[in-house]
2 protein chains.
Amino acid sequence: MKLNSKGRYAVMAMADLALFKDKGPISLTDISIRQNISLAYLEQIFIKLKHNNLVKSVRGAKGGYVLEHSPDTIKISKIISAVDEEIKTLNCKKDSKKGCNNKSSKCITHNLWDQLDQHINNFFEKVKLQDLIKKNQTLNK
Amino acid sequence: MKLNSKGRYAVMAMADLALFKDKGPISLTDISIRQNISLAYLEQIFIKLKHNNLVKSVRGAKGGYVLEHSPDTIKISKIISAVDEEIKTLNCKKDSKKGCNNKSSKCITHNLWDQLDQHINNFFEKVKLQDLIKKNQTLNK
DNA sequence: TTAATTCCTACCTTTACACTATGATTTAAA
DNA sequence: TTTAAATCATAGTGTAAAGGTAGGAATTAA
């Protein structure tokens, strides 16, 4: 699981969409202002979100994006993996130069990072988009 | 919690020390060969491990490093935080430029990352150095 | 005295991240 | 029909950090 601000921005933007989901298509300009993320960067992120069927786009003036599914069915893990190509924190694979090979006493930590990845994935699997906006409802009413 | 290969190397090296803890001081040259980590880079890592009282150094010929404590008392979290200055994955602090401020609808994801950090820390808190080498004992006997 | 080691600090190289720039396409509304 | 607002697409860029190297000084067992 790659944890960077692209993933964080994606979650923020999706949460923004969820908050305003009754207002029709939300433009990236709006999200850009509200969440303080550059518009052009948001565009890149939303291409990926769209390709992963997390949002639908409405082109042209008064267009924007809407959630493809209900916030209570969207897992955070889906969002993060949509914008990050890789899933692994630290690879230790056959094909990477520096990693496991067949020497003894190598890869002592292999299982550890595997378990960590599972642990993080498991965390994001359990949290839904709805869970985020519930906590902010009073703030944003 | 910063997850990079410095932290991974540190854990690998500490596990190596644990595996060979009955052989007296272990030189970084040995660890470098066994774990396939550059010697000079290991030196940097071990300075930090030493300053954090995780290892003791024995200078001069036949010198090296030994664990300061028993492997079953050393938490992985201690090792990783020793070599990484930062603890947070993604900061969202007052003093950072891009982060929380008092605008409404900001920081929707603030709690999420806080909880993730706790989750990861909790994972590394529960794993001891001994847990790693147990799994490799048959391989390295 | 020598070789093996830790210790220390400065430097270097590459890469990925985060972002910008530019322009094309689509479409609602004036 | 024109204009402005929006998505769509891709290439380029600046920077910081990761992941090392390099070179030498200090220490110590043999």
Side-chain angles (χ1 to χ4, degrees), chain A residues 1-13 17 23-33 35-52 54-66 68 80 83-86 88-91 96-99, chain B residues 1-10 12-13 17 23-33 35-52 54-66 68 80 83-86 88-92 96-99:
Chain A
M1 178 76 65
K2 223 168 166 185
L3 301 171
N4 48 29
S5 49
K6 190 177 256 177
R8 185 168 116 249
Y9 287 167
V11 176
M12 289 170 78
L17 280 190
K23 312 246 176 183
I26 305 297
S27 74
L28 296 189
T29 306
D30 286 356
I31 297 177
S32 167
I33 293 165
Q35 305 300 331
N36 194 31
I37 305 168
S38 104
L39 174 61
Y41 202 36
L42 271 179
E43 286 173 350
Q44 292 177 31
I45 291 169
F46 270 80
I47 295 290
K48 297 189 175 187
L49 292 176
K50 191 189 169 190
H51 287 161
N52 282 272
L54 288 167
V55 296
K56 275 184 291 193
S57 67
V58 179
R59 299 193 68 175
K62 295 281 174 185
Y65 288 93
V66 289
E68 176 105 46
I80 293 177
V83 297
D84 297 322
E85 285 72 30
E86 300 177 35
K88 286 288 199 171
T89 327
L90 296 160
N91 18 12
S96 77
K97 282 180 197 170
K98 300 255 175 155
Chain B
M1 177 78 64
K2 223 169 167 183
L3 301 171
N4 48 27
S5 50
K6 191 176 255 177
R8 184 168 118 250
Y9 287 166
M12 290 169 78
L17 281 190
K23 312 245 175 185
I26 305 297
S27 73
L28 295 189
T29 307
D30 287 355
I31 297 177
S32 167
I33 293 166
Q35 305 299 332
N36 194 31
I37 305 167
S38 102
L39 175 60
Y41 201 34
L42 271 179
E43 288 175 350
Q44 291 177 32
I45 291 169
F46 269 80
I47 296 289
K48 295 190 176 186
L49 292 176
K50 191 190 169 190
H51 287 161
N52 282 271
L54 287 166
V55 297
K56 275 184 292 192
S57 67
V58 178
R59 300 192 67 174
K62 296 281 175 184
Y65 288 92
V66 289
E68 177 104 44
I80 293 176
V83 297
D84 298 321
E85 284 72 30
E86 300 178 36
K88 286 286 199 172
T89 326
L90 296 160
N91 18 10
C92 196
S96 78
K97 282 180 196 170
K98 301 252 175 156

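Protein chains get the first letters and strands the later ones, always in sequence-line order, with residue 1 at the start of each. Note that the structure is predicted; figures quoted are calculated from it, not measured.
For C:dC7, one of the phosphate oxygens OP1 or OP2 lies less than 4.0 angstrom from a side-chain nitrogen or oxygen of B:K50. Contact annotation: A:S57 reaches the phosphate of D:dC8 (side-chain N/O to OP1 or OP2, under 4.0 Å). The phosphate of D:dA6 has neither OP1 nor OP2 within less than 4.0 Å of any side-chain N or O from A:Y65. Put simply, A:Y41 has no side-chain N or O that comes within less than 4.0 Å of OP1 or OP2 on C:dC17. Remark: A:S38 is in phosphate contact with C:dT20, judged by side-chain N or O atoms under 4.0 Å from OP1 or OP2.
Nearest to the side chain of A:S5, among C:dT20, C:dT5, C:dA18, sits C:dA18.
Of the residues A:K50, A:K48, A:E68, the one that meets the side chain to side chain contact (heavy atoms under 4.5 Å, CB included) test with A:V55 is A:K50.
Atom-to-atom, NZ of B:K56 to C1' of C:dT6 comes out at 16 Å; the value is rounded to the nearest Å. For the pair B:N36 CG and D:dG20 C1', the computed distance is 13 Å after rounding to whole Å. Rounded to whole angstrom, the span from the NZ atom of A:K48 across to the C1' atom of C:dC17 amounts to 11 Å. When the C1' atom of C:dC19 is taken as reference, atom CG of A:N4 falls 13 Å away, rounded to whole Å. Separating the NZ atom of A:K6 from the P atom of C:dA16 is a distance of 12 Å, rounded to the nearest angstrom. Counting to the nearest Å, the P atom of D:dG19 and the OH atom of B:Y9 are 7 Å from each other. Between the CG atom of A:L42 and the C1' atom of D:dA5 there is a distance of 16 Å, given to the nearest Å. If you measure from atom CG of A:L39 to atom C1' of D:dA5, you get 11 Å, rounded to the nearest angstrom.
Ring geometry for A:Y65 against A:F46 counts as tilted: the plane angle lies between 30° and 60°, on a 0 to 90° scale.
If A:A61 and A:E43 are placed on DNA chain D by their nearest nucleotide, the residue sitting closer to the 5' end is A:A61. Nearest-nucleotide mapping onto DNA chain D: of A:G63 and A:Q44, the residue sitting toward the 5' end is A:G63.
Here A:Q35 contributes atom CD and A:L17 contributes atom CG; the two are 9.5 Å apart, rounded to the nearest 0.5 Å.
With hydrogens and angles ignored, no donor-acceptor pair closer than 3.5 Å exists between the side chain of B:R59 and the base of D:dT27.
Across all their heavy atoms, B:L49 and B:A10 have their closest contact at CD2-CB, 4.5 Å. For the residue pair A:P25 and A:G63, the shortest heavy atom distance occurs at CB-C, 3.8 Å.
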